[in-house]
Structures are given as structure tokens and as C-alpha cells.
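Index from 1, following the sequence.
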Amino acid sequence: MRYLKFFFLLLPLFVVNKLSAQQKVSDQKMQWFADAKLGIFIHWGIYSVNGISESWSFFNNYINHDAYMKQLDSFTAAKYKPEEWVNLIKESGAKYAVITTKHHDGVALWDSKAPLATTTLKNSAAKKDLITPFVAELKKSGLKTGLYFSLPDWSYPDYDGFTRDRKRYDYKQDAPRFKKFQNYFQGQLNDLSDRYNPDLLWFDGDWEHSGEEWQAKNILANLRKVNQNIIINSRLNGHGDYDTPEQGVPVVKPSSPEWELCYTMNDSWGYQPYDNHYKSSNMIIRTLVDCISMGGNLLLDIGPKADGTIAPEQVKILKDLGRWTKKYSEAIYGTQAGIPEGHFTGKTALSKNKDVLYLYLDYKTRNGILLSGIKSKIKKVELIGNQTPINTVKLNETDYFLDVNESDFDNDVTVLKIYLNEPLQLSKEKQQSTSLETLFAASQHLDLTNYNLRKLSYDLNSGVNIFQNTNLTADGFEFKSGIKNFNPKVNNWVIKNAEALYKTTGGIPAGHYQGNTALSADKQTLYLFVEGTPTGPIAIKGLKNNISRIRIVGEGTMLPHDIYNKLYWSKIPGIVYIPVPKDKLDLELTVIAVLLDSPIDLYREKVGAIESNL
């Protein structure tokens, strides 16, 4: 770091907020789930044969039901090795796994004895019960067992639903027939419960009927007879234990004490050979950190092939996850949601008793890390992974600079451990906005350029623009600060990035972007302030607008972007990822301009379970 050693006294820094109440575990049975943070979802079924949408492909009439079910003849599971699966899952750092026992297509992957049941043992080329050996390996490994179960069964002759535009009958007019189906699926659930005694039951498809029609209370009573501590997800018409947002990474922390994001590696749940839209390992690790920082879990999906092997792209992501989770395990498991944004550029988490604060850095910087508004005394700061002590400079009673050697940064996310003398208390003091005099003042002893520019970006994000009554133009032409003996580095930066300062207004709310932002006067250009060197593409969550173009402010280089998890049937926007070339980064603070097709429109609604994907 260039100047950390010179800091000894500065004005109070950033706006701070009252620390949110400690995350409470809603029920003691939920403790293992709240501590787990990472689980692996497994969508395996006959849909992997042709690489088509699981169940939905015939429901939506993309393929007829007979053609869909013919995949049974090629579903071999010939190379299925459940022990290898479990070893890989454990290596990833996951603490539980959830496997599809039966999707909406009705094909049971275990030896279901229910009348008219279609099973992989009786009806597929595999001629195997695929669930029993997997669950046995899970339990042997010490991982928690989760079973996915579809409430609807579109192949069962006595279920009312069949395809998108065709039902077998009106269940309200033929109660006895619907009763046959109720007995059928209840029998299957009871069988799964008795055979495997799962720790978690992951329901899906509840939108087709009410809780009463699914007999939700009866389902829960039967499951709890076998395991009174069984955990149920939220997809049982409100009778579950935790929320399950799907694909859309929450912008703000969900209200449920426990929650879990179910998330694909590419755009597909089951194996699809031509879906190469994989997120990078870096993106997946950062998504896990995002969930951890909001007190939730990531349930990351894999889709094995019909022969039981797992695609190499998926194996690599799991192994890369394992490298990171092993290195930073103490900052993952058993943590709770972190502190509000504004104290640190990055994600955070807290230990259970709140006397340890974890800082997650998905960027590298030689300018030091600013931590502000910490009322509790810091006893020690160290780098997790090798326990390297971190040089810490106390700027005043609540604010600190932390110095990490460039060689010590992780290639994905670096984690710092802050030891406190008490459960964390945050200061209520508000930042004093910077002034032109402070921003431009030259110093004879230390270089405050980066510090002052970061402070400026925070002011802009907060709606304070000190350039409103100056002669600054959009291109910085002939700008004069009016400050004698000014800092030429600051002056040059201001001229270069003038468009992000000229008549700009406050930025977007916290949660959509990790750093500070500003908006053009017409709200149609979003300016992103990028600190340091990002380890991967920077991300924007919850952006409803289409993007017209993206460029680096001050030198015009056009940048591409990619959108992940924007599904055609969901109103939740995908995440916008923008790769920033290292050779285009500003030495002090980079600004990215995102031109939108209309004034900015953001998605901040409650994130819950997907209702359907018709």
C-alpha cells in the first residue's frame, strides 16, 4: 500500500447505520440448516437422455408425452457411482444434498411400490433403484439428506393435470378419482420417509392445488411421526420452514429467518449438452458469499448425464468451490448476516455472538481497505487462510485502514477476520461531506488522492455533488477548481471523469451494486465506481432496463456484458455481469457508464418461490 503508514488522523468518514438485530434461528431444529450455508441440488431423471426440459417439455407440448417417456429406454445409469458423487459433494464444502426422487413427470428414482408407479427399477434401462445407494453414501459421509418430491404427477392416470392445455378431469367434479391420487402420492411420501428418514423434504409444484387439496397438514403429520425434526421448504402452500427463492439472487435480505437460494450452474436444472452458458467458478463463489452475507444458504444445482456421470464443467465448479470453502471455512459455516452497506466496500458476515466480523473482498487493491463506523474496539485483524496479521491504522474512534499485501489476495474472494472486544456496535455518527478544498488540496507529506476520491464517490452516491455550482462541463473542458496549490492527480481524475460528476444525482439503493454509484440527470445513465482490481466481472442485480451500451468513463472503451438467470417465464431480472479489462482500470478509481434504454427501473420486490413456469 502506498500511503497507509502515514495516516494518523482524519475526519469522521462514512454514514453508518444501526446494526440489525442478531439473526435468530426460528426453531432449534433449524440450527444445522442455518449453519450449513451450502448445499448441492441434484436434478437427475430421464430428461437427461435427450437433454430436454425436465417434465415441462411435454407439459408445454414441446414433445408429446409418449415421446418423452421413451427416454426411459435410454436412461441407463451405467456409470453411476454414488460414492463418487458424495465425495465430490463433500469436497465442494456442501453440508447437505437434495436429490430429485420424483419430478413432475412422475418417474420415481427409487423402488416405489405404489400402484401404477413408473420407476427406474421397473421401467427404465437402468433397472436400478438409484436413491437408496445415494442416501446410504450421504449418511455414511455425515452430510444431511434432502429429498426433492414433486406434488403433481403429470403422468399418473388419476391426477387431474396432464398438459398445459389439457386436463384429465375436473377434480371438483370427481372427488373419488382425485382421492385415488391423494392416496397415491401420500403413500409415496410415507415410503420415502420410512425408507430414508430424510433431514429435509424439498417440495415442488404446489401451485396446482391448495394446501387443503394437497392435504398439507396430513403430509406434515405423517413426516413428523418418523422424524419430528424434519425440515420442510416453503413450497407446501405456506406450511414450510424456510423460504426458497429460485434463480434470482436476492437484492435485499429476505425476511424469513432461514432461506435458501436454489441456483443453476448454467441455465438448466437437468443435463442439457448444448447449454454452455455456465457461470464461472468465481461468479458462483461470489454468489455463495452474497447468500452468506444475507444470512442465507446457496443450494447449487448439478444435472448428471443419463449414464450417471457429471459434466466436467460442473465437476470443475464443485472442486473450485471446495478450494475456497476449505480455505475460508471459519468465515462460512455458522456465521450470520453481516452489517449494513456503507461501512465497507464488499460483503460481510458476523460470528454467532457478533464479536468477530468477516470482510469478503472480491477485488484486489494496493490502496488499503477502508472500514468505517465501528464503535467496538478492534483487538486484531488477520487474513484467513494463513493467519497473517494485517497492518491496521486507526484513523479516529470508529474508522480504520487495513493493509493487505498484494501477494496475499485470493484469486476469487479474500476474507479478513476482525476480532472485536465485544459484540459489534456500530457508530451512529454521520459522515461529513467532503469539500472542494479538501478534495483538491495538495499535501506535502502524504498522498490522499485515493482516499479523497473514494470519499467523493460516497458523497455522490448519497446525493451530495460538490460540482453543481462550479464551471465543470460534461467533458471537463477548461475546468478550474479555484483551489490554489491543488493536487494535480485529483484534478486530472476529475477532468477525465467529468461526465460522472456533471449534474449527476444520488446513486441507486444498496443491494443492487456492491460499490458506490451515481445517476445522470435524466436517470438514464448509471455510473459505477470500481475500486481496485476486481477478481471477476462486476455485477448489477435487479436491473429491469435493457442496456444500450457500457463504456469506461473518460476514455470511451466499450465493454460487453452478459446476463445470467434471466428466464423467459420469470419477472425477476437476471444479473448483469460486466468484465472490466485490467489494462483499462484507473490507478485511483475506475468509473463505468451504463447507458439504459429508459430511466432506471429496479426490482426490489420480495423474492420468493417461483409460482410456475408455464
Side-chain angles (χ1 to χ4, degrees), residues 36-49 51 54 71 74-103 107-111 119-121 124-148 192 195-200 202 262-266 268-273 275-276 278-281 284-285 288 298-327 329 333:
K37 303 307 174 189
L38 178 62
I40 299 300
F41 214 176
I42 304 168
H43 274 71
W44 195 30
I46 65 171
Y47 38 84
S48 60
V49 171
E54 58 288 339
Q71 293 176 107
S74 300
F75 186 71
T76 65
K79 298 180 181 179
Y80 173 44
K81 297 179 180 179
E83 183 179 7
E84 291 184 3
W85 281 21
V86 171
N87 288 341
L88 183 60
I89 291 168
K90 193 162 188 177
E91 183 182 349
S92 76
K95 298 301 182 183
Y96 63 107
V98 179
I99 188 170
T100 48
T101 63
K102 184 187 75 167
H103 207 269
V107 178
L109 273 66
W110 83 100
D111 183 20
T119 73
T120 53
L121 178 64
S124 79
K127 300 300 179 187
K128 295 175 184 175
D129 170 349
L130 303 172
I131 300 298
T132 299
F134 179 74
V135 171
E137 292 297 333
L138 272 184
K139 291 182 181 294
K140 188 190 303 182
S141 74
L143 299 177
K144 295 289 187 180
T145 301
L147 302 180
Y148 167 107
L192 289 170
R195 283 176 185 250
Y196 305 122
N197 188 21
D199 302 289
L200 185 151
W202 213 100
C262 56
Y263 203 61
T264 54
M265 293 182 174
N266 49 11
S268 308
W269 295 105
Y271 175 68
Q272 293 188 16
D275 181 358
N276 296 313
Y278 279 95
K279 305 168 187 72
S280 67
S281 299
I284 295 291
I285 290 169
L288 171 60
L298 174 63
L299 183 63
L300 182 65
D301 182 69
I302 59 174
K305 299 179 182 181
D307 66 0
T309 58
I310 299 172
E313 298 92 339
Q314 299 180 22
V315 172
K316 181 181 186 304
I317 288 173
L318 292 179
K319 286 182 175 291
D320 289 346
L321 254 179
R323 177 204 70 82
W324 190 84
T325 56
K326 182 178 180 180
K327 181 177 180 180
S329 60
Y333 312 111

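The minimum heavy-atom distance between Y271 and G303, with the atom names listed, is CB-O, 3.2 Å. Across S48 and P304, no two heavy atoms sit closer than the pair CB-O, 3.6 Å. Between Q71 and V49, the shortest heavy-atom contact is O-CG2, 3.5 Å. Closest non-hydrogen pair, A126 versus A77, comes out as CB-CB, 3.9 Å.
Checked by atom type and distance alone, the side chain of S141 pairs as donor or acceptor with a backbone atom of L138 at under 3.5 Å. Formation of a donor-acceptor pair under 3.5 Å by the D320 side chain with backbone atoms of S281 is not found in this model. Distance alone, capped at 3.5 Å, places no donor-acceptor pair between the T325 side chain and the A94 backbone. Judged purely by atom type and a 3.5 angstrom limit, D275 uses its side chain to pair as donor or acceptor with the backbone of S268. Looking at T309, its side chain never comes within 3.5 Å of a backbone N or O of K305 through a donor-acceptor pair.
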Open item on the list: Between Q272 and Y47, is the side chain to side chain donor-acceptor pair (under 3.5 Å) condition met? List the steps.
Closed with: CA-CA 9 Å; Q272 293 188 16; Y47 38 84; over 6 Å; no
Open item on the list: Evaluate N87 against E83 for side-chain contact (heavy atoms from CB on, under 4.5 Å), listing each step before the verdict.
Closed with: CA-CA 6 Å; N87 288 341; E83 183 179 7; 3.8 Å; yes
Open item on the list: Between I89 and E137, does the side-chain contact (heavy atoms from CB on, under 4.5 Å) criterion hold? Intermediate values first, please.
Closed with: CA-CA 11 Å; I89 291 168; E137 292 297 333; over 6 Å; no
- [ ] Check the pair D301 / H43 against side-chain contact (heavy atoms from CB on, under 4.5 Å), numbers first and verdict last.
- [x] CA-CA 7 Å; D301 182 69; H43 274 71; 2.9 Å; yes
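A heavy-atom distance below 4.5 Å is found between the side chains of V315 and L88. Side-chain contact between I310 and E84 is absent, with no heavy-atom pair separated by less than 4.5 Å. Within the 4.5 Å cutoff, side-chain heavy atoms of L321 are placed close to those of L300. Contact of the K95 side chain with the K37 side chain is not registered, since no non-hydrogen atoms from C-beta on lie closer than 4.5 Å. Residues W110 and T119 are not in side-chain contact: their nearest non-hydrogen atoms beyond the backbone lie 4.5 Å or more apart. In this structure, the side chains of V135 and L147 come closer than 4.5 Å at one or more pairs of heavy atoms.
Here W44 and F75 bring their ring centres to under 6.0 angstrom of each other.
The distance from atom CG of N266 to atom CD1 of I317, rounded to the nearest 0.5 Å, is 8.0 Å. To the nearest 0.5 Å, the span separating CG on L318 from CG on L38 amounts to 8.5 Å. Residue T120 holds its OG1 atom at 4.5 Å from CG of L109, rounded to the nearest 0.5 Å. Taking CD1 from I42 and CD1 from I302, the interatomic distance works out to 4.5 Å, rounded to the nearest 0.5 Å. Here the CD1-OG1 distance, from I131 to T100, works out to 6.5 Å after rounding to the nearest 0.5 Å. To the nearest 0.5 Å, the span separating CD1 on I46 from NE2 on H103 amounts to 11.5 Å.
Within a 6.0 Å sphere centred on NZ of K139, heavy atoms belonging to other residues, nucleotides or ligands number more than 12. Counting heavy atoms of neighbouring residues, nucleotides and ligands inside a 6.0 Å radius, atom NZ of K127 exceeds 12 of them.
Classification of the F134-W85 ring pair by plane angle, with boundaries at 30° and 60°, yields perpendicular. Ring geometry for Y148 versus W202: interplanar angle under 30°, hence parallel rather than tilted (30 to 60°).
Geometric assessment of K279 against the ring of Y263 yields a positive cation-pi assignment under the 6.0 Å and 45° thresholds. A cation-pi geometry, defined here as NZ or CZ lying under 6.0 Å from the six-membered ring centre and within 45° of its normal, does not hold between K128 and Y80.
A salt bridge between E313 and K316 is absent, with no side-chain N of the basic residue lying under 4.0 Å from a carboxylate O of the acidic one.
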